[in-house]
Amino acid sequence: MNEPDDYLQRIGSLIRDARTHSGLTQAQLGAQLHTSQSAVNRIEKGQQNLTLDMLARIGAALDSELVSVGASGPSHLRVAGGTKLSGSIDVKSSKNAGVALLCASLLNDGRTVLRKVARIEEVNRLLEVLESIGVKTRWLNDENDLELIVPHDLDLAAMDAEAARRTRSIIMFLGPLMHRYDNFELPYAGGCDLGNRTVEPHMTALRPFGLKVTATEGSYHVMTAEGVGPERPIVLTERGDTVTENAVLAAARYDGTTVIRNASPNYMVQDLCFFLLKLGVEIDGIGTTTLRVTGRTTINCDVDYAPSEDPIEAMSLIAAAIVTQSSITVRRVPIEFMEIELALLEEMGFEYERTEEYPAENGHTRLVDITTRPSTLHAPIDKIHPMPFPGLNIDNLPFFAVIAATAEGTTLLHDWVYENRAIYLTELNKLGAQVKLLDPHRVLIEGPTRWSGSEIVCPPALRPAVVILLAMLAAKGTSVLRSVYVINRGYEDLAERLNALGAQIETFRDI
């Protein structure tokens, strides 16, 4: 036996002993690590190479310092840039649809199975919250199929407040829980640092159902009035995705018909509505700004649903190909939520091929495969700004910063939705870009850019963080992106999947 094999066997023995001490089976440990029982078996036999990141995850799962190399510190990415990408990659299921469906599972007294759920930190935090209040959750296989069984009585007092505060999605518990309890508390919502978001739009949507929320020390105190429902159409003061979802979730168990105007018709809202249809809720107007929801006072059925693919991840992968001048095939792109982005890229000179449309597993969303071609881009004539669907997606706007930096000419980006997100795009200057901040919402980008490597601390906003990573792929030399938890919140194994296309990204921790 050579020395590396012996080293792996000794680590495997430590892990096996720590697992046994914790009272976990290999399958249970595999579920916590989001991997299979057979993978854990290989690890314990010393037949599996281990990254520091995996060791840290094992240490955290087993609460064992013996196998917690670097577990206390953040993870970082080291990028050897300037390489071409090639090959094919599938777009994973929607992060935002996944978290909405986890919240929607609280409506169902039966068994909910969600197919190919994104195993990201945002989902992990929500699962921790759900498990803490008594929901049984179980990963069924390596395909990321997830089972949820909600008990008749939830233990809201036992809610994992720390996990809840690390996700803004917790606010979507309001709609489902208001039908179960007339008095409860939710910890303050967290997530991306994008300015002073308020819960007021949610209150506008939910007050007609008798919901009242008071902010107390660190929590929202929620009170509901039984039998109260909207007497006229609910008009949302902003066409927000989560606000629309909360209103739909509240309407789903209301004994009557609710009309929601100025509703978001965005991809995650559509997935939520398609899921609720399978629960027996009647919804007219899916994909439009007016929804008519006829609820059911009790929902108890076994449901199986596959959320559609993520248009924001699709945009990330297409942007990676553009900035590295690469030809790759991005499969399972939800084209109806990418049409404006692709039309704008075509105006800028982007060349690509796409297949005929085919249906997603939810039976509704239209998909295509896109093959990118190395292209010479020029700045668009007009500014680039997002709009509610069917306009350019708000979360896709930051990717145009790194794309514009590769294009010839000057591009104005107007990020009018978030208060401070545009500021983080100036971090691209550390890699050689020329990004000028005009005000908290607008940046002026001069291209083309000669990218060069640098070390940057990850900004606290998800999409700008990924934009910096993509620029590092194009930058000559070695770059380091530090503290990448925010990327893991929204993307599953992004570094590893880019590496499969030919990128050279190493995950490491400070020891």
**Asked** Counting only N and O atoms by type, is there a donor-acceptor contact under 3.5 Å from the side chain of Thr426 to the main-chain atoms of Ile423?
**Response** yes
**Request:** Check each of Asp241, Asn393, Asn96, Thr365 against Tyr267 using the side-chain hydrogen bond (donor to acceptor under 3.5 Å, both in side chains) test, and report the only one that passes.
**Result:** Asn96
**Prompt:** Asn262: what forms a side chain to side chain donor-acceptor pair (under 3.5 Å) with it, not counting sequence neighbours?
**Reply:** Arg239
**Item:** Phe173: partners by ring-ring contact (aromatic ring centres under 6.0 Å, His included), with sequence neighbours left out
**Value:** none
**Asked** His202 and Asn246: side-chain donor and acceptor closer than 3.5 Å?
**Response** yes
**Asked** Can you tell me if CZ on Arg292 sees more than 12 non-hydrogen neighbours from other groups inside 6.0 Å?
**Response** no
**Request:** Side-chain contact test, heavy atoms from C-beta onward, threshold under 4.5 Å: evaluate it for Glu245 versus Met268 and give yes or no.
**Result:** yes
**Prompt:** Is a side-chain donor or acceptor of Asn429 paired with a backbone partner of Val435 at a separation under 3.5 angstrom?
**Reply:** yes
**Message:** Between Thr288 and Thr290, do the side chains contain a donor N or O and an acceptor N or O under 3.5 Å apart?
**Reply:** no
**side-chain hydrogen bond (donor to acceptor under 3.5 Å, both in side chains), paired with Glu313, selected from Arg497, Lys95, Lys92** = Arg497
**Asked** Does the distance from a Lys or Arg side-chain N to an Asp or Glu carboxylate O, for Arg78 and Glu506, drop under 4.0 Å?
**Response** yes
**Item:** Salt bridge present between Glu361 and Arg115 (N-O < 4.0 angstrom)
**Value:** no
**Request:** Ignoring hydrogens and angles, state whether a donor on the side chain of Thr371 or Thr329 is under 3.5 Å from an acceptor on the partner side chain.
**Result:** yes
**Item:** Backbone N/O of Asp369 and side chain of Thr355: donor-acceptor pair under 3.5 Å
**Value:** yes
**Message:** Under a 3.5 Å threshold, yes or no: a donor from one side chain and an acceptor from the other, between Glu351 and Ser375?
**Reply:** no
**Fill in**
Residues passing the side chain to side chain donor-acceptor pair (under 3.5 Å) test with Thr257, sequence neighbours excluded, are Thr294
